[in-house]
Number of protein chains: 2
Amino acid sequence: MGVMTTRAESAAATRRALLDAAAELLDLGGPEAVTLREVGARAGVTRGAPYRHFTGKDSLLTAVAAESWERIGDQVHALRTDPALSASEKLRGALRALIDVGRNQPHLYQVLFRRRANLPGQLGDGMDRIRRQLCGPEGDPAVADRAAERFQDEFLDIVAALAGERNARHYGALLLTSAHGIAGMELSGHLDTDKWHTTVDELVDTLVRMVTDAGEMT
Amino acid sequence: MGVMTTRAESAAATRRALLDAAAELLDLGGPEAVTLREVGARAGVTRGAPYRHFTGKDSLLTAVAAESWERIGDQVHALRTDPALSASEKLRGALRALIDVGRNQPHLYQVLFRRRANLPGQLGDGMDRIRRQLCGPEGDPAVADRAAERFQDEFLDIVAALAGERNARHYGALLLTSAHGIAGMELSGHLDTDKWHTTVDELVDTLVRMVTDAGEMT
DNA sequence: GTAGCCAAGGTGACAACGTCATCTGAAACT
DNA sequence: AGTTTCAGATGACGTTGTCACCTTGGCTAC
């Protein structure tokens, strides 16, 4: 932990600080609250500095989302490879992992599932080359997509171990979308447990039981 | 369709135009694109005029959401009371109604399920009285909540007719959250039909079949 | 009918924000 | 040592939400 001297170290530290500050502000007040000026201030730099690491605010938020996807992917991977857990426990854990993000970091969760705005190409300028240059081999959204896809693959493996390879994809999609819906409706306040006479845990249990039964009878 | 003379008519027309313009801009470019200035311009007034009808941008978007909820509620009500449809067709139609909003008006859909920001009270100023005064008997969010709840009630009745009163609430919650999740994941681009070897229609069919079978064996 | 009232709407102003162009200084390279 | 490169600082500009203040033309009380 020596004093930073090399330029690469300094830049990496700044990028790290920017991401941390952005994530913190996102948790506190949503995307509106994550101001490039405030992000820079918390990272010890000024307003324009983030543009040396990200193409703009959107790119910064996408990078935060990418890191979160990687974290969730690691979490589900750990569940899948844990020999102490049964197949249904792994599935329940994976679903809960996603839902818990929605509970504990609702603003981040919305960024994770935010609308893909960038249709590929279309603007044939030299912009693409610049963006590639700034954000590494390829743009940030591609990184986020890969991280999200890794999570989905880990999740798919868990489902396959429970419901068989045949129906894994169909049931996997059903389970994943359902969990996402549970998280989203609870997050938006539209899941009144008094009105529906049920809880998030009950819903998750029902989902797990459904696919478990279906897997057995295949 | 006489020329507007009375003040009430003029104000009502302006409010209507503001809502329409806001809805149009929302569809085109999302909440960021719905600018009070542009909304006013399209409604034939200037930037500050909307503040005579809504407390601010948030209030305007909430009012748009409320009208959309009422529309969806009417749609599901029509399905429920249509004697030409079977119970499962009604259910499928209701689920599709929600998902179709996500497909055709993705930005509006996100506003419908956006996070409730306003915790009640907290700011004990006279602001509450002013807001009540501006938006009628009570604030806009309450209107939106009531409209959303009416939709849920209509939906719940459809489920009850299919799965019985006993499990209606539990299955209703499962179906509604699942449909919301399907819409949300498709909207965010995380539902790759090639990857999951399934389509939205298949997922909806599976959901309907599930609750149909469960209702029969009860 | 006329004088006053009142709310819808117009206008100016302000702070905050995203973004870009330009500048600076120090590390990295030859 | 001289040059290049790039993280970061700074100034500036356009846009937006919001408020305070003003104007005007229907509405109401006499």
Side-chain angles (χ1 to χ4, degrees), chain A residues 2-19 21-22 25-26 29-63 117 123 125-127 130-136 140, chain B residues 2-19 21-22 25-26 29-63 117 123 125-127 129-136:
Chain A
V3 180
M4 319 268 174
T5 49
T6 88
R7 186 151 61 173
E9 281 173 337
S10 172
T14 297
R15 183 188 161 90
R16 185 67 272 151
L18 288 172
L19 285 169
L25 287 174
L26 179 61
E32 311 285 315
V34 54
T35 274
L36 287 194
R37 286 165 163 86
E38 181 66 18
V39 168
R42 295 199 178 207
V45 292
T46 54
R47 54 186 190 268
Y51 287 91
R52 290 290 138 189
H53 299 269
F54 309 94
T55 60
K57 178 176 177 176
D58 232 55
S59 171
L60 176 58
L61 285 177
T62 302
L123 304 179
D125 306 43
M127 299 295 283
I130 296 177
R131 193 173 304 181
R132 298 270 156 64
Q133 200 170 344
L134 279 174
C135 305
D140 276 340
Chain B
V3 180
M4 317 269 175
T5 49
T6 88
R7 185 149 63 172
E9 278 174 339
S10 172
T14 299
R15 182 189 161 93
R16 184 68 273 154
L18 288 172
L19 285 169
L25 287 173
L26 179 61
E32 310 286 315
V34 54
T35 281
L36 288 194
R37 284 166 164 85
E38 181 67 19
V39 168
R42 297 199 176 207
V45 293
T46 53
R47 52 186 191 270
Y51 287 93
R52 289 291 140 187
H53 298 270
F54 308 94
T55 60
K57 178 175 177 177
D58 232 54
S59 171
L60 176 59
L61 285 177
T62 302
L123 303 180
D125 305 44
M127 299 296 282
R129 218 167 313 124
I130 296 177
R131 190 173 306 179
R132 298 271 157 64
Q133 199 169 344
L134 279 173
C135 306

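Note that these values count all heavy atoms, side chains included, but never hydrogens, waters or copies made by symmetry. Protein chains get the first letters and strands the later ones, always in sequence-line order, with residue 1 at the start of each.
- As rounded to whole Å, 16 Å separates atom C1' of D/dC6 from atom CZ of A/F54.
- When the nearest nucleotides of DNA chain C are assigned to B/A49 and A/G48 by heavy-atom distance, the more 5′-ward of the two goes with B/A49.
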For this session: Decide yes or no on side chain to side chain contact (heavy atoms under 4.5 Å, CB included) for B/V39 and B/L25, but give the supporting numbers first.
Result: CA-CA 8 Å; B/V39 168; B/L25 287 173; 3.7 Å; yes

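- Scanning both residues, B/R47 and B/P50, for their nearest heavy atoms gives O-CD, 3.1 Å.
- Following rounding to the nearest Å, A/L18 (CG) and C/dG18 (P) show an atom-to-atom distance of 13 Å.
- Between B/T55 and B/S59, the shortest heavy-atom contact is OG1-CB, 3.2 Å.
- Less than 4.0 Å separates DNA chain C from at least one heavy atom of each of the following residues of residues 35-42 of chain B: B/R37.
- Applying the side-chain contact (heavy atoms from CB on, under 4.5 Å) test to A/A63 and every residue at least two apart in sequence or in another chain returns A/L19, A/F54, A/D140.
- Distance, A/H53 NE2 to C/dT19 C1': 17 Å, rounded to whole Å.
- Looking at residues two or more places apart in sequence or on another chain, you find no salt bridge (charged side-chain N to carboxylate O under 4.0 Å, His left out) involving B/R37.
- Take B/R42 and apply the side chain to side chain donor-acceptor pair (under 3.5 Å) test, not counting sequence neighbours, and it matches B/E24, B/E38.
- D/dT16 atom C1' lies 14 Å from atom CG of B/L25, rounded to whole Å.
- Taking atom NZ of residue B/K57 and atom P of nucleotide D/dT15, one finds them 15 Å apart after rounding to whole Å.
- Contact check, A/S10 against C/dA27: no side-chain N or O comes under 4.0 Å of OP1 or OP2.
- Rounded to a whole Å, the OH atom of A/Y51 is 4 Å from the C1' atom of C/dG18.
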Can you name the atoms? Protein N/O to nucleotides 22-25 of chain D N/O, anything below 3.5 Å, with the distance.
| from | atom 1 | to | atom 2 | distance (Å) |
| --- | --- | --- | --- | --- |
| D/dG25 | N2 | B/R7 | NH1 | 2.9 |

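- Considering every non-hydrogen atom in both A/L18 and A/A43, the closest pair reads CD2-CB, 3.7 Å.
- The nearest whole Å value for the distance from the CD atom in A/E32 to the C1' atom in C/dG18 is 12 Å.
- Spacing between atom CG of B/L60 and atom P of D/dT16 amounts to 15 Å, rounded to whole angstrom units.
- The CD atom of A/E32 sits 5.5 Å away from the CD atom of B/E32 when rounded to the nearest 0.5 Å.
- Side-chain to base pairing of B/R47 with C/dG12: one donor and one acceptor N or O lie within less than 3.5 Å of each other.
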